[in-house]
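Since the structure comes first, as structure tokens, the remarks are kept for the end.
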Amino acid sequence: MHRKGFIFDLDGVIVDTAKYHFLAWKNLAKNLGFDFTEAQNEQLKGVSRADSLQKILNWGNTSVSEAKFQELMTLKNTEYLGYIDKMDDSEILVDVPRVLDFLKANNQGISLGSASKNARKILEKVHLLPKFDAIVDGNDVSKAKPDPEVFLIAAKAVNCKPEDCIVFEDSVAGVEAANLANMISIGIGSKDVLHEADYIFKDFSEISEAFITELINK
Ligand code: G6P
Ligand code: MG
């Protein structure tokens, strides 16, 4: 049996935190005097916290000082963490534990590759932290997706070459990063959005053990 590296994005792949990012960003925009829509929130998937704030300020035709920018990031994250604090296992997306357990039973490398600086906290809240051999998150990278840095570090962390890795991603930037890293990209979500991925599934319930075995033996 071969040993591959399976790298999971967090937000939108393991848990749906986009709704909490939305609530916190919307509130921030409201306090600055403009609106923030769900369509705009969609465009922030996979985008780092600082880049997200910059985009939101641009949408609101607003600019702030560097000190205010830092203050706004802290404010947003404090509200976001309030929502995260209430999370539990019921928020794990369908069939994620089944796939993680199957990979573990087959001695595969399991890494997290997320832009979030809150990744460990979220995985702890939903009790999935022990399932990962390595966690690579927003604290470990200097370049945001679509730069492949996060996935290249995640591959190294489980002693796998990039071409032996498979990435699960829900964002366009993340799929692009996986492709640039020379890894197999698996889009989780809509075929219309993630068409650059090597494979696309609505969610993990569509991912069979036979398919995973095929990836392992590739
Ligand atoms: C993920 C989410 C983004 C979020 C980013 C940073 O990529 O999809 O919406 O902005 O992580 O998350 P953080 O928890 O560090 O603010
Ligand atoms: Mg994501």
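Each ligand, and each atom within it, is numbered from 1 in the order the structure gives.
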For Tyr80, is the NZ or CZ atom of Lys76 found under 6.0 angstrom from the centre of its six-membered ring and inside 45 degrees of the ring axis? yes

Check whether any side-chain heavy atom of Asp9 sits under 4.5 Å from a side-chain heavy atom of Val167, and report yes or no. no

Does ligand 1 have an atom that lies less than 4.0 angstrom from a heavy atom of Ser52? yes

Backbone or side chain, does any N or O of Asn77 fall under 3.5 Å from an N or O of ligand 1? no

Checking contacts here: is it the side chain or the backbone of Ser116 that comes within 4.0 Å of ligand 1, counting heavy atoms only? Could be both or neither. both

Is the contact between Val47 and ligand 1 made by the side chain, the backbone, both, or neither, using heavy atoms and a 4.0 Å cut-off? backbone

Parallel, tilted or perpendicular, judged at 30° and 60°: which one describes the rings of Phe168 and Phe204? tilted

Provide, to 0.1 Å, the distance between atom 9 (O) of ligand 1 and the closest protein heavy atom, together with that atom's residue and name. Leu44 O, 3.1 Å

Would one find an N or O of Arg49, backbone or side chain, under 3.5 Å from an N or O of ligand 1? yes

How far is atom 7 (O) of ligand 1 from its nearest protein heavy atom, and which residue and atom is that? Gly46 CA, 3.2 Å

Is Lys121 paired with Glu124 through a side-chain N to carboxylate O contact shorter than 4.0 Å? no

Considering heavy atoms of the protein only, find what lies nearest to atom 15 (O) of ligand 1 and give residue, atom and distance to 0.1 Å. Lys117 N, 2.6 Å

Output, in order, the C-alpha distance, side-chain angles, deciding distance and verdict of salt bridge (charged side-chain N to carboxylate O under 4.0 Å, His left out) for Glu38 and Lys26. CA-CA 9 Å; Glu38 289 210 45; Lys26 194 176 171 63; over 6 Å; no

Is Ser114 in polar range of ligand 1, meaning some N or O pair under 3.5 Å apart? no

Relative to ligand 1, is Asp11 under 4.0 angstrom through side chain, backbone, both or neither, heavy atoms considered? side chain

Keeping waters out of it, list the protein N, O or S atoms under 2.8 Å from the Mg ion (ligand 2). Asp9 OD2, Asp11 O, Asp170 OD1

Lys145 and Glu176, any side-chain heavy atoms less than 4.5 Å apart: no

Between Lys104 and Asp101, does any side-chain N to carboxylate O distance fall below 4.0 Å? no

As a test of understanding, state which of Lys125, Lys19, Lys86 forms a salt bridge (Lys or Arg N to Asp or Glu O under 4.0 Å) with Glu91. Lys19

Under 3.5 Å, is there a donor-acceptor pair between the Asn118 and Asn77 side chains? yes

Does Tyr20 reach the side chain of Glu79, with side-chain heavy atoms less than 4.5 Å apart? no

What side-chain donor-acceptor pairs closer than 3.5 Å can you find for residues 192-200, not counting sequence neighbours?
residue: Asp198; atom: OD2; partner: Ser185; partner atom: N; Å: 2.8
residue: Asp198; atom: OD2; partner: Ser185; partner atom: OG; Å: 3.3
residue: Tyr199; atom: OH; partner: Lys218; partner atom: NZ; Å: 2.8

